[in-house]
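What follows is a single structure, written as structure tokens, with notes after it.
Everything numeric here is computed off the predicted structure, so don't read it as measured data. Residue numbers start at 1 and run along the sequence shown. Only this structure's heavy atoms are used, side chains among them; waters, hydrogens and symmetry mates stay out.
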Amino acid sequence: MEIIDSHCHINFPQLGADLEAVLARMHQAQVTAALCVSVNLESLPEVLRIAEQHAEIYASVGVHPDETDGESPSVEKLAELSAHPKVVAIGETGLDYYRVQGDLEWQRDRFRNHIRAATRVHKPLIIHTRDAGADTIAIMREENAKAVGGVMHCFTETWTVAEAALDLGFMISFSGILTFKSAENLREVARKVPLESILVETDSPYLAPVPYRGKTNEPAYVRYVAAELARIKQVPLETIAETTSRNFRRLFQIAAG
Ligand SMILES: [Zn+2]
Ligand SMILES: [Zn+2]
């Protein structure tokens, strides 16, 4: 069995400080690969270094919508940086009207640049959306994100948003939030999303699933997300592991390990 963590931040100090132990626990849990997602350009060299040193770690290039300081890259810059052989996606990018307030035209412009870069280099998108579902989908349509597809990561939106993303050829990725007691609406959404369009992730070091809720999250714990999904879908854990791993490899064009 293999499970893949489609979204983590193992370069962050909570995990990066003891990375070899984090990766050892990941392998023990049969988590065979993970995608280390960039949130800004300043930390990109560290993300790439981890991916270069570990065959099972992949990388992405992008600037998170919550990053109010630091460089907001041009389409050209993103395209150029994504040429690295371990970079399999553009992101995370998207819109977040929850954590950042005020005139957010800059956030929408940055999001458009990421989609344009992705369509230019033919790499899928990793999209973050919070309290901004309608605008996110509208921009994805306007910029023809369908041409490359991608994933709506750490999904917490409604079925309406999920359905629109699925129509654009995007996958839906569920995190440890799925295991939270209060997340009944989200479990209802997960019930409806076809298994062929689902990924699992930790978004570690944040959002540890039950029974580790509130603790530092790490890729090994993606197993609990997969187990919850198995319960929701009423299929064996092996089916979830196999299907979501296949989905991951198909989306990011990574040969089976
Ligand atoms: Zn995110
Ligand atoms: Zn993230």
Seminar exercise, completed: Test side-chain contact (heavy atoms from CB on, under 4.5 Å), reference Asp5, set Val200, Leu35, Thr202, Ile10, output is Thr202
Exercise. Does some side-chain heavy atom of Pro73 sit less than 4.5 Å from a side-chain heavy atom of Asn113?
Worked result: no
Problem set entry | Cluster check Tyr221, Leu23: I/L/V/M/F/W/Y, side chain < 4.5 angstrom | no
Exercise. So, the side chain of Ser38 versus the backbone of Ser60: is there a donor-acceptor pair under 3.5 Å, distance only?
Worked result: yes
Exercise. Can a salt bridge be assigned to the pair Glu188 and Arg191 using a cut-off of 4.0 Å between side-chain N and carboxylate O?
Worked result: yes
Exercise. Can you check whether Glu92's main-chain N or O pairs, donor with acceptor, with His114's side chain at less than 3.5 Å?
Worked result: no
For this session: Under the side-chain hydrogen bond (donor to acceptor under 3.5 Å, both in side chains) rule, collect the residues that match up with Asn217, sequence neighbours excluded.
Result: none
For this session: Indicate yes or no for a side-chain donor-acceptor contact from Glu42 to the backbone of Glu71 under 3.5 Å, with no hydrogens or angles considered.
Result: yes
For this session: Would you kindly say whether Glu201 and Ser173 are connected by a side-chain donor-acceptor distance under 3.5 Å?
Result: yes
Exercise. Would you say Gln253 has more than 12 foreign heavy atoms packed within less than 6.0 Å of its CD?
Worked result: no
Exercise. Would you call Glu52-Arg49 a salt bridge at under 4.0 Å N-O?
Worked result: no
Exercise. Do NZ/NE/NH1/NH2 and the carboxylate oxygens of Arg249 and Glu2 come within less than 4.0 Å?
Worked result: yes
For this session: Give a yes or no answer on whether the side chain of Gln107 reaches the backbone of Pro65 with a donor-acceptor pair at less than 3.5 Å.
Result: yes
Exercise. Taking all atoms of both residues into account, what is the closest heavy-atom pair of Val189 and Glu157, and its distance?
Worked result: CG2-O, 3.9 Å
Exercise. Which pair of non-hydrogen atoms, one from Ile198 and one from Ala190, has the smallest distance, and what is that distance?
Worked result: CD1-O, 4.3 Å
Problem set entry | Worked check of side chain to side chain contact (heavy atoms under 4.5 Å, CB included) between Phe174 and Leu186 | CA-CA 9 Å; Phe174 293 101; Leu186 189 61; 4.0 Å; yes
For this session: Report the C-alpha separation of Lys123 and Val61 in whole Å, then their side-chain angles, then the decisive distance to 0.1 Å, and conclude whether the side chain to side chain contact (heavy atoms under 4.5 Å, CB included) test is met.
Result: CA-CA 10 Å; Lys123 286 190 176 169; Val61 168; over 6 Å; no
Problem set entry | Carboxylate-amine/guanidinium proximity below 4.0 Å for Lys192 and Glu163 | no
Exercise. Quick one: CD1 on Ile137 to OG1 on Thr160, what's the gap to the nearest 0.5 Å?
Worked result: 10.0 Å
Exercise. Where the side chain of His84 meets the backbone of Lys86, is there a donor-acceptor pair that is under 3.5 Å apart?
Worked result: yes
Exercise. Is Arg25 reaching over with its side chain to a backbone N or O of Ala220, donor-acceptor style, under 3.5 angstrom?
Worked result: no
Exercise. Is any side-chain heavy atom of Met140 less than 4.5 Å from a side-chain heavy atom of Phe111?
Worked result: yes
Exercise. Near Gln234 CD, under 6.0 Å, is it more than 12 heavy atoms from other residues, nucleotides or ligands?
Worked result: no
Problem set entry | Joint cluster assignment, Val161 & Leu166, ILVMFWY side-chain distance < 4.5 Å | yes
Exercise. Going by atom types alone, do Asn247 and Arg250 pair a side-chain donor with an acceptor below 3.5 Å?
Worked result: yes
For this session: Working to the nearest 0.5 Å, report the span between CD1 of Ile172 and CH2 of Trp159.
Result: 8.0 Å
Problem set entry | Test item: Ser43 side-chain N/O and Glu46 main-chain N/O as donor-acceptor pair under 3.5 Å | no
Seminar exercise, completed: Rounded to the nearest 0.5 angstrom, the CH2-OG1 distance for Trp106 and Thr68 is 6.0 Å
For this session: Without swapping roles, check the side chain of Lys146 against the backbone of Asp167 for a donor-acceptor pair under 3.5 Å.
Result: yes
Seminar exercise, completed: Scanning both residues in full, the closest heavy-atom pair of Thr179 with Tyr224 reads CG2-O, 3.9 Å
For this session: Evaluate the side-chain proximity of Ile4 to Tyr58: yes if any heavy-atom separation is below 4.5 Å, no if none is.
Result: no
Problem set entry | Side-chain heavy atoms of Thr243 within contact of Val235, under 4.5 Å | no
Exercise. Is Val39 reachable from Val63 through a run of I, L, V, M, F, W or Y residues, each pair having side-chain heavy atoms under 4.5 Å apart?
Worked result: no
Exercise. Quick one: does Arg231's side chain get under 4.5 Å of Arg187's, heavy atoms only?
Worked result: yes
For this session: Could you grab the distance from atom OH of Tyr98 to atom OG1 of Thr156, nearest 0.5 Å is fine?
Result: 10.5 Å
For this session: Decide side chain to side chain contact (heavy atoms under 4.5 Å, CB included) for Val148 and Ile90; before the verdict, give the C-alpha distance in whole Å, the side-chain angles of both, and the deciding distance to 0.1 Å.
Result: CA-CA 10 Å; Val148 288; Ile90 302 290; over 6 Å; no
Exercise. Which atom names give the shortest non-hydrogen contact between Val37 and Ser6, and what distance separates them?
Worked result: CG2-O, 4.5 Å
Problem set entry | Non-hydrogen side-chain atoms of Glu76 and Glu80 separated by less than 4.5 Å | no
Exercise. Side-chain contact, heavy-atom cut-off 4.5 Å: His54 with Leu19?
Worked result: yes
For this session: Measure across Ile3 and Ala241 and return the closest heavy-atom pair with its distance rounded to 0.1 Å.
Result: CG1-CB, 3.8 Å
Exercise. Which is it for Thr93 and Leu125 under the side chain to side chain contact (heavy atoms under 4.5 Å, CB included) test, yes or no, and what are the steps along the way?
Worked result: CA-CA 8 Å; Thr93 182; Leu125 286 151; 4.0 Å; yes
Problem set entry | Main-chain N/O of His27 paired with Gln30 side-chain donor or acceptor, under 3.5 Å | no
For this session: Write down the atom of Ala147, the atom of Thr119, and the distance for their closest heavy-atom approach.
Result: CB-CG2, 4.2 Å
For this session: Take the angle between the ring planes of Tyr206 and His9 and call it parallel below 30°, perpendicular above 60°, tilted in between.
Result: tilted
Problem set entry | Main-chain N/O of Thr239 paired to Lys233 side chain as donor or acceptor, under 3.5 Å | no
Exercise. Can you tell which of His128, His64, Arg130 makes a side-chain hydrogen bond (donor to acceptor under 3.5 Å, both in side chains) with Asp96?
Worked result: His128
For this session: With rounding to the nearest 0.5 Å, note down the distance linking CG in Asp66 to CG in Leu95.
Result: 10.5 Å
For this session: Compare all side-chain heavy atoms of Leu104 with those of Asp135 and state whether any distance is below 4.5 angstrom.
Result: no
Exercise. Are Leu41 and Val87 connected in a single hydrophobic cluster, I mean Ile/Leu/Val/Met/Phe/Trp/Tyr linked by side-chain heavy atoms less than 4.5 Å apart?
Worked result: yes
Exercise. How long is the span from the OG atom in Ser175 to the CG atom in Asp203, to the nearest 0.5 Å?
Worked result: 6.5 Å
Exercise. Are Val121 and Leu78 connected in a single hydrophobic cluster, I mean Ile/Leu/Val/Met/Phe/Trp/Tyr linked by side-chain heavy atoms less than 4.5 Å apart?
Worked result: no
